[in-house]
Amino acid sequence: MLRLKGKGVSEGIAIGPLCFYKRQTSDIPRYETKDAAAEWQRFKDAQQLAVEQLGEIAEKAREQAGDEAAVLFETHAMMTEDLDYEEHIQNSVENLKLNAEAAVKDASDFFADMFASMDDDYMKERAADVKDVSARIIGILTGAGQGGMDSDVPAVVAADDLAPSETIQMDKSKILGFATEGGSGNSHTAILARTMGIPAIVGLGDQLKQLTEGCMVVVDGRSGEIFADPDQQTLDAYKEKLEAHIKHRKLLAELKGKPSVTKDGRSIKICCNIGNPDDIQFVKENDGEGIGLFRSEFLYLGCSDYPSEDYQFEAYKKVLEEMAPKEVIIRTMDIGADKQIDYFKMPHEENPALGMRALRISLTRPEVFRTQLRALFRASAYGKLGIMFPMVASVWEVREAKAACEKVKEELRSEGIPFDENTSIGIMIETPAAAVMSDLLAKEVDFFSCGTNDLTQYTLAVDRQNNDLGRFFDPHHPAVLRLLKLVADNAHKEGIWVGICGELGADPELTQTFLSIGIDELSVSPRSVLPLREKVRSSSVKEL
Ligand code: PEP
Ligand code: MG
């Protein structure tokens with residue numbers, strides 16, 4: 001097995017034979033023309049034909065890759081007739097008496113060098129467009145045919161570089177992936193590959209020369225790796241990934257923008273769990289309907305000292321602004337247990353999972369809590385915020401936490417700092433105590449979100465960190481499911497919504513159960529949104 005590493009510019013996995021792109025190269029003739037007027041006319045005819053060809057390619061691109069790709073070739077057609085470009089060629093033909101092919105080649109070099117020397121990365125890449133357009137005109141003038149891939153079966157296309165027009169003109173059903181020596185993430189070929197959903201790796205340089213025509217390759221367009229003649233283990237692992245990838249792409253195409261509603265009309269909200277503001281791109285990509293759990297402790301874990309109010313404010317504001325008008329539930333920090341932070345200087349505990357963690361820390365360190373609440377309420381002015389407290393066991397804890405919120409709101413009011421007076425306040429149901437007391441807790445808050453990871457741990461007295469406990473950690477245990485039903489019933493009696501944000505929420509085996517007990521929201525990792533939506537849309541509450 002041989003492993004090559006380049007730059008992955010279009011995600012996805014391809015497995016298949018390698019096929020080198022064949023180009024019909026012909027030397028570009030260079031001679032002194034006797035009849036400059038005839039030579040100029042020869043160029044004009046070739047230019048006209050190139051424009052017509054590019055128009056046809058634009059139409060093909062529109063069908064295969066959408067309007068954006070079509071515009072690229074319409075732009076190429078315009079470049080072909082660009083006045084500066086044409087003037088450069090005309091000068092070479094009429095004044096320097098150069099033949100048309102050489103005149104086009106010189107203009108191509110001149111403008112490509114000009115673009116390549118620009119500072120802007122995007123403009124640099126336009127050098128490839130000028131070369132592509134010029135190669136087409138020269139090809140028409142010399143009568144050289146089109147290049148192509150010579151394979152009867154779908155293959156990974158390898159080339160030194162590929163021009164956008166070469167990429168779009170290949171039979172898409174035959175292309176599994178692209179692997180090129182040159183190129184960059186900004187090149188139009190990379191952009192086209194992404195639009196067409198074809199995995200691509202560029203910048204492989206001379207490594208590509210080690211591969212032979214027809215050898216079996218695995219292309220990982222995300223990591224930028226190519227495995228040639230892969231061993232069985234690598235092949236099996238990638239086949240599995242490929243299957244999952246194909247399924248996910250299918251779901252994306254079918255379900256993005258569609259409602260999460262059962263066959264008999266029952267809606268459930270499918271939101272996402274995130275750990276930092278950058279995760280929002282995945283939420284958007286996967287069509288998350290909001291953020292059901294932002295684990296704010298990851299901000300603390302990423303700092304070497306307590307994060308300041310402003311630092312936190314910026315992070316929360318970014319998430320709220322980017323998700324608006326969708327709701328964002330931010331959980332106050334859940335430090336402790338498995339998430340220890342040096343600068344918190346927590347004393348050693350025999351049983352950290354039962355110790356000073358989450359809301360217990362917030363209530364015993366009011367200054368740390370206040371800083372976070374100020375940042376949260378300030379950010380509430382920029383979107384739809386819900387604040388959620390973790391690890392609640394008693395009603396008094398919630399009352400104290402709410403009192404801290406009121407104090408902060410009062411401060412902000414007196415400082416004239418805007419915030420959303422209607423910011424909703426919720427709690428996580430993660431302890432059996434909270435589940436059992438959910439009738440009273442429901443009177444205190446606007447929503448519940450069940451943290452089934454901890455709820456399972458504390459209900460079954462099974463350490464969630466201990467892999468050896470295996471089947472003893474059973475979130476499907478009737479004790480956990482009964483608690484969830486109790487919590488849902490109590491929430492609805494008080495007219496508040498109830499969600500699940502633990503891993504169990506994404507378990508398709510329980511989707512029907514969750515629908516039947518009336519769960520209103522599931523918050524899961526971004527990649528689970530669409531599989532879950534598919535499951536919901538094929539379910540029916542009445543059938544349960
Ligand atoms: C949970 O306990 O289910 C939960 C969502 O919180 P965390 O996993 O962060 O403890
Ligand atoms: Mg938890």
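Note that these values count all heavy atoms, side chains included, but never hydrogens, waters or copies made by symmetry. One-based numbering, in listed order, for ligands and for the atoms of each.
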In plain terms, say whether [X] and [Y] are close enough for a salt bridge, that is, a side-chain N and a carboxylate O under 4.0 Å apart.
{"X": "K258", "Y": "D287", "answer": "no"}
{"X": "K256", "Y": "E285", "answer": "no"}
{"X": "K318", "Y": "E314", "answer": "no"}
{"X": "D334", "Y": "R357", "answer": "yes"}
{"X": "R413", "Y": "E410", "answer": "yes"}
{"X": "R194", "Y": "E11", "answer": "no"}

Quick one: ring-ring contact (aromatic ring centres under 6.0 Å, His included) partners of Y458, sequence neighbours excluded?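 Once residues adjacent in sequence are excluded, Y458 has no partner under the ring-ring contact (aromatic ring centres under 6.0 Å, His included) criterion.
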Who are the ring-ring contact (aromatic ring centres under 6.0 Å, His included) partners of F473, not counting sequence neighbours?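 Once residues adjacent in sequence are excluded, F473 has no partner under the ring-ring contact (aromatic ring centres under 6.0 Å, His included) criterion.
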Within less than 2.8 Å, report the number of protein N/O/S atoms around the Mg ion (ligand 2).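 Excluding waters, the total comes to 2.
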Run through all N or O atoms in ligand 1 and write down each protein N or O closer than 3.5 Å, as a pair with its distance.
from	atom 1	to	atom 2	distance (Å)
ligand 1	2 (O)	E430	OE2	3.0
ligand 1	2 (O)	D454	N	3.0
ligand 1	2 (O)	D454	OD2	3.1
ligand 1	3 (O)	G451	O	3.3
ligand 1	3 (O)	T452	N	3.1
ligand 1	3 (O)	N453	N	2.7
ligand 1	3 (O)	N453	ND2	3.1
ligand 1	6 (O)	R331	NH1	2.9
ligand 1	8 (O)	R295	NH2	2.9
ligand 1	8 (O)	N453	ND2	2.9
ligand 1	8 (O)	R464	NH2	2.8
ligand 1	9 (O)	R295	NE	2.7
ligand 1	9 (O)	R295	NH2	3.3
ligand 1	9 (O)	R331	NH1	3.3
ligand 1	9 (O)	R331	NH2	2.7
ligand 1	9 (O)	K339	NZ	3.4
ligand 1	10 (O)	D454	OD2	3.1
ligand 1	10 (O)	R464	NH1	2.9

Return yes if some donor-acceptor pair links the side-chain N/O of S394 with the main-chain N/O of E397 below 3.5 Å, else return no.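 Answer holds: no.
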